[in-house]
Asks: 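Before anything else, here's the structure in question.
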There are 4 protein chains.
Amino acid sequence: MSPKVSQAYKEERKAIILEGALHCFIEKGFQATTIDDIVRHLGISKGAIYSYFASKEEMYIQMADDKMNAMLENSTELFKTMPSAADQVRYMYGRFRNQSLNELRRWMAFHLEFMLYAARQPHLTERWNEYADKALVFIQDIMDGGKQTGEFRSDLDSAAAARLFWSIRDGLALQYMLSGEEADYRRTIDDMESMVFRYMLS
Amino acid sequence: MSPKVSQAYKEERKAIILEGALHCFIEKGFQATTIDDIVRHLGISKGAIYSYFASKEEMYIQMADDKMNAMLENSTELFKTMPSAADQVRYMYGRFRNQSLNELRRWMAFHLEFMLYAARQPHLTERWNEYADKALVFIQDIMDGGKQTGEFRSDLDSAAAARLFWSIRDGLALQYMLSGEEADYRRTIDDMESMVFRYMLS
Amino acid sequence: MSPKVSQAYKEERKAIILEGALHCFIEKGFQATTIDDIVRHLGISKGAIYSYFASKEEMYIQMADDKMNAMLENSTELFKTMPSAADQVRYMYGRFRNQSLNELRRWMAFHLEFMLYAARQPHLTERWNEYADKALVFIQDIMDGGKQTGEFRSDLDSAAAARLFWSIRDGLALQYMLSGEEADYRRTIDDMESMVFRYMLS
Amino acid sequence: MSPKVSQAYKEERKAIILEGALHCFIEKGFQATTIDDIVRHLGISKGAIYSYFASKEEMYIQMADDKMNAMLENSTELFKTMPSAADQVRYMYGRFRNQSLNELRRWMAFHLEFMLYAARQPHLTERWNEYADKALVFIQDIMDGGKQTGEFRSDLDSAAAARLFWSIRDGLALQYMLSGEEADYRRTIDDMESMVFRYMLS
DNA sequence: TATGAATGAGAATTCATTCAT
DNA sequence: GATGAATGAATTCTCATTCAT
C-alpha cells in the first residue's frame, strides 16, 4: 500500500538518470543518442530508466525545465547583490565569454535540437515558448532596472532590447557553431557587447 | 525513337524531385522525412529518386547549393547597378523584411536541422562551412566596397562586420522561430538594421 | 528475480541461432539466405539475432571458428595417444572417408561460397587465410613428426607436403561436389591416400 | 516478315556482349556484377542486352558453354600432332604453369561461382555435369592412349586417373586462391606433376 | 523494484527487368 | 532494333519500448 521507497530516493534516482542522459545528449545529440547509450553510460538497466521516465522525450523535457530554472534562479539570486543594471549585462556577457567555444557548441547543438524537435510538436511548442518568455523577461527586467537608475536611455524599449540581446547571443553561437576560432569568437563577443551597450545608452 | 531524353528533361525532373523533397522536409523535418514520404508525395518510384540523387543527404546539398547560388547570383547581378554599399546592405535587410515570418520559420527549421545533422558528420561539416564562408565573403565584399567609397568608417573590420551581420540575422530568425508576432518581427529587423548601420558608420 | 540470464544460457542461445543459420546457409547458400529466412526458420525475432551477432558475416565467421577449433582440438587430443605420424595421416583420411558424400557436398558448397565472398572483401580474406594457415600448420606438424621418427623421408618438404595434402583433399571434394557416386568417391580417397603416402615415403 | 538484320550480325552482337560480360564477371564475380556494370563496360544499352539474352543467368550459361567447347576443341586439335600421351599430360601441366597466379585466381573464382550457383539449381546441375564429364573424358582419353602406347602402366584405371588429375588441379587452384606466392605455386605444380606421373607409371 | 532479452515496425538503398518512345 | 528512365520488391540492420523473471 505504502511506497516501498521514499520520495527522496526516487527524486535522487531521477536526477542521476537525467544527468547521465544529458551527458549523452550533449555528446551525441538527442536523436542520435540511444537508450542503450544512456544505459551503458550510467551502468543501470533499461527498465530502471523506463520506470522513472515514460519515454526519451520525457527525459528531454524534464532536463530543459531543470536547466532553465537553475539558470534563472542562480542569476536572480546573484543580481540581488549587484545593483547596477549595466554590471548585470556585463556579467551576462562575461558568462558567454567564459564558456569555451567547445562547450558552447555542444550546448548549442543540444539546445537547438530540442527547439527544432519542439517546433514539430504542438504540445512542446508551448512549453518552449514558456522558456523563451522567461529568458526574455529576465533580460527585460534588467533593462527596466537600468532605465530606472538612469543607466540606460529612458526611451529604450526594454522588450525589444531583450529580444535583441538574445538574438545577438544566439546568432553568435550559431555563427560559430560549426567553424571559427576561439580568439575570433571572443573578439566578436566584445564587439557585440559594445554594440549592445551603444544601443542601450545612446 | 528512344527515351534518351534531353538534358533539359533531366534537369526538370531533378527540379521536380527536389521541390517535392523540400516540401516534405519543411513539413516534417529532414530526418523525420523518409524516402517513402517523398515517393508518396511525388507519386513516383523510389528508384526514380535514387537515379537522380545518390542519397537523402545529396538532395539536401543540392537544395542548399541551388539556394545559395541563386542568392549570390541574383544579388551580384543586382548590385552591379547599385553603387552604394549602404544601399546594398539596406537591400539585404529589405529581403529579410519581405520574407513572411511563416516562410522564415519553415526554412529556418529545415536549415538548422541540417546544420545540426552536419555537425555530427565530418564530410558534411566541411560542406556546410563552404556555404557559411560564401555568405560571409559576400557581405564582407560589400563592407570593403563601403570602406573604399567612404560610406563606412575606414577602420571597420569588414570580416568581423560580416560575422556580425549574419549573427544578428540568424539570431533574429532563431528568436522568432517558435513564437512572436509578424509586426514585432519586422520592428526588430528595423532595430537591427539601425544598430548595424550605427556600428558601420560611427 | 531478473532476466540477467546465465552465461551458459547465452552460449546456448548463440549455439541455437548458429545452428538455425547453418541449416539455412546449407539449404540456400550464404548469400541467398536472408535474415528473414533464418528468423522464420528459428521462430525468433530479427532483433534477437542481431543482439547475438553483429551481422550475417559474423555468424559465418563464428561457425568457421567453431568448426576449425573443434577439428583442431579433437585431433590434437587424440593424437597425443597416437604416436605414429603415419597413423595420424591415416586417421585424417579415415575422417574424410567417414563423411558421407551428401554431407561433404553441403558443407563444401557453403564453405566455398564464403571463400568466394571473402575473396572480394579484404577484411575477410585475412580471416580466411588464418583458417587456411591453421589447417596447413596442423598437417605440417604431423609431417615434421614423421620425419623425426623416421617414418617419412628425411628430405620431405613438410610445408609443401601440407599444401599437397589439402590440395588433394579439396580437389577431391570439388570433383565430387556436383556428381559422382559414393562408392567412386571412397575409392578415389583410397587412391589419393596411397598416392600421398608414396610421396611421403619414397 | 523477314528479319531486319542478318543472323551473322546477331551472332556477332551476342559474342561482343558475352565478351564484355565475361570481363565484368571475372573482375567482380557473377553475383556482384550488375547489368549496369556490363552496360557501362560495353557502352551499349540495357535494352540491347535484354534483346539478346533473357537474363543475367542466360549469359552466364552461354559463356560457360562457349568456354568449355573452346578449351576442348583447341586441345583436341593440338593433340592430333602430339603422339605421346605423356607429352600431352605434360602439355596440360605446362598450361597450368603458364597461367599467372592472378589469372588463375580470377578464373577460378568465376568457375567456382558458377558451380556453386549451378549446385542450387537443378536445371543447371545437369549442364554442369556435362561439362565435368567432357573434361573427365578428355583426360581419360589421354590416359587410355598412354596405356596403349605403353607409356603408362597397363593396370592404370584411366577413369580414376582422370578424376585424380582434375582433383589435384582444382585443389591446387583452391589452395592458392586467396593466398600464397607465385613461386610456391609453380613449385607445387611441379610436385603435383611428378606425383601424378609416378602414379601413372609405377 | 530491477533487469536486459526480445520484439518488430521501419529505415535507406540496390538492381534485375520492363516498356514507352 | 535500340534506348535508358522507371519500377518496386527485396535486403540488411536499428532501436524505442515491453515484460517475464
Side-chain angles (χ1 to χ4, degrees), chain A residues 3-5 9-10 13 31-40 43-59, chain B residues 1-6 9-10 13 17 31-39 42-59, chain C residues 1-6 9-10 13 17 31-39 42-59, chain D residues 3-5 9-10 13 31-40 43-59:
Chain A
K4 301 274 169 49
V5 297
Y9 173 81
K10 275 178 152 180
R13 210 80 216 284
Q31 309 209 51
T33 297
T34 66
I35 298 292
D36 273 313
D37 288 330
I38 300 172
V39 156
R40 216 173 300 124
I44 62 170
S45 76
K46 273 192 175 107
I49 288 181
Y50 278 91
S51 76
Y52 288 107
F53 299 94
S55 65
K56 218 171 108 176
E57 182 182 311
E58 193 67 32
M59 292 167 76
Chain B
M1 186 186 178
S2 84
K4 189 170 197 166
V5 298
S6 67
Y9 171 83
K10 280 168 135 180
R13 209 82 220 287
I17 293 175
Q31 306 205 57
T33 296
T34 69
I35 297 294
D36 272 315
D37 288 329
I38 300 172
V39 157
L42 283 168
I44 62 170
S45 74
K46 271 213 231 314
I49 288 182
Y50 279 95
S51 82
Y52 288 102
F53 301 95
S55 64
K56 226 170 96 176
E57 257 174 33
E58 194 66 34
M59 285 193 228
Chain C
M1 186 191 178
S2 85
K4 190 169 197 166
V5 299
S6 66
Y9 170 83
K10 279 169 137 182
R13 209 82 219 289
I17 292 175
Q31 307 206 55
T33 296
T34 68
I35 298 293
D36 273 316
D37 288 329
I38 300 172
V39 157
L42 283 168
I44 62 170
S45 74
K46 268 213 235 312
I49 288 182
Y50 279 95
S51 80
Y52 287 103
F53 301 95
S55 65
K56 227 171 95 174
E57 254 175 35
E58 195 65 33
M59 285 193 226
Chain D
K4 302 273 169 53
V5 298
Y9 172 81
K10 275 178 153 180
R13 209 83 215 283
Q31 308 210 49
T33 296
T34 67
I35 298 293
D36 273 314
D37 288 329
I38 300 172
V39 157
R40 216 174 300 124
I44 62 169
S45 76
K46 272 191 178 115
I49 288 181
Y50 278 92
S51 76
Y52 288 107
F53 299 94
S55 65
K56 216 171 109 176
E57 183 183 310
E58 193 69 30
M59 292 167 75

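Naming convention: chains lettered A, B, ... in sequence-line order (proteins, then strands); numbering from 1 in each chain.
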Asks: Identify whether any heavy atom of C:F53 sits under 4.0 Å from a base atom; if not, whether one sits that close to sugar-phosphate; answer base, sugar-phosphate or nothing.
Replies: nothing

Asks: Using side chain to side chain contact (heavy atoms under 4.5 Å, CB included), reason through C:D36 and C:K46 one step at a time and then give a plain yes or no.
Replies: CA-CA 7 Å; C:D36 273 316; C:K46 268 213 235 312; 2.7 Å; yes

Asks: Closest heavy-atom contact between C:I17 and C:L42?
Replies: CA-CD1, 3.7 Å

Asks: If every non-hydrogen atom of B:V39 is compared with every non-hydrogen atom of B:I49, which pair is closest and at what distance?
Replies: CG2-CD1, 3.7 Å

Asks: Please work out if B:Y52 contacts a base, only the sugar-phosphate, or nothing of the nucleic acid, heavy-atom cut-off 4.0 Å.
Replies: sugar-phosphate

Asks: Of all the nucleotides listed (E:dA16, F:dT12, E:dA11), which has the minimum atom distance to the side chain of C:Y50?
Replies: F:dT12

Asks: Let's see if you can work this out: which of E:dC15, E:dT7, E:dA5 has an atom nearest to the side-chain heavy atoms of C:K10?
Replies: E:dA5

Asks: Identify, with sequence neighbours excluded, every residue that meets side chain to side chain donor-acceptor pair (under 3.5 Å) alongside D:Q31.
Replies: none

Asks: Atom OH of D:Y9 to atom P of F:dG1: distance rounded to whole Å?
Replies: 8 Å

Asks: Closest-nucleotide mapping onto DNA chain F: is A:D36 or B:R13 further toward the 5' terminus? I mean the 5' end.
Replies: B:R13

Asks: Would you call D:R40 and D:I35 a side-chain contact if the rule is heavy atoms closer than 4.5 Å?
Replies: no

Asks: Measure from the side-chain heavy atoms of B:I35 and tell me the nearest of E:dC15, E:dA12, F:dA6.
Replies: E:dA12

Asks: Report the distance from atom CD1 of B:I17 to atom P of F:dA5, rounded to the nearest whole Å.
Replies: 12 Å

Asks: Tell me the interatomic distance from B:I49, atom CD1, to E:dC15, atom P, rounded to whole angstroms.
Replies: 18 Å

Asks: Among E:dT17, E:dT7, E:dA12, which nucleotide has an atom closest to any side-chain atom of D:K56?
Replies: E:dT17

Asks: Map B:S55 and C:S45 onto DNA chain E by nearest heavy atom, then report which one ends up closer to the 5' terminus.
Replies: C:S45

Asks: Counting C-beta onward and ignoring hydrogens, is there a side-chain heavy-atom pair between A:Y52 and A:E58 closer than 4.5 Å?
Replies: no

Asks: If you take all heavy atoms of D:K56 and D:T33, which pair is closest and at what distance?
Replies: NZ-O, 2.7 Å

Asks: By the 4.0 Å heavy-atom rule, please label A:K46 as base, sugar-phosphate, or nothing.
Replies: base

Asks: For Watson-Crick and G-U wobble pairs within 3.5 Å on both distances, what is DNA chain E written in dot-bracket notation, | included for inter-strand pairing?
Replies: .||||||||||||||||||||

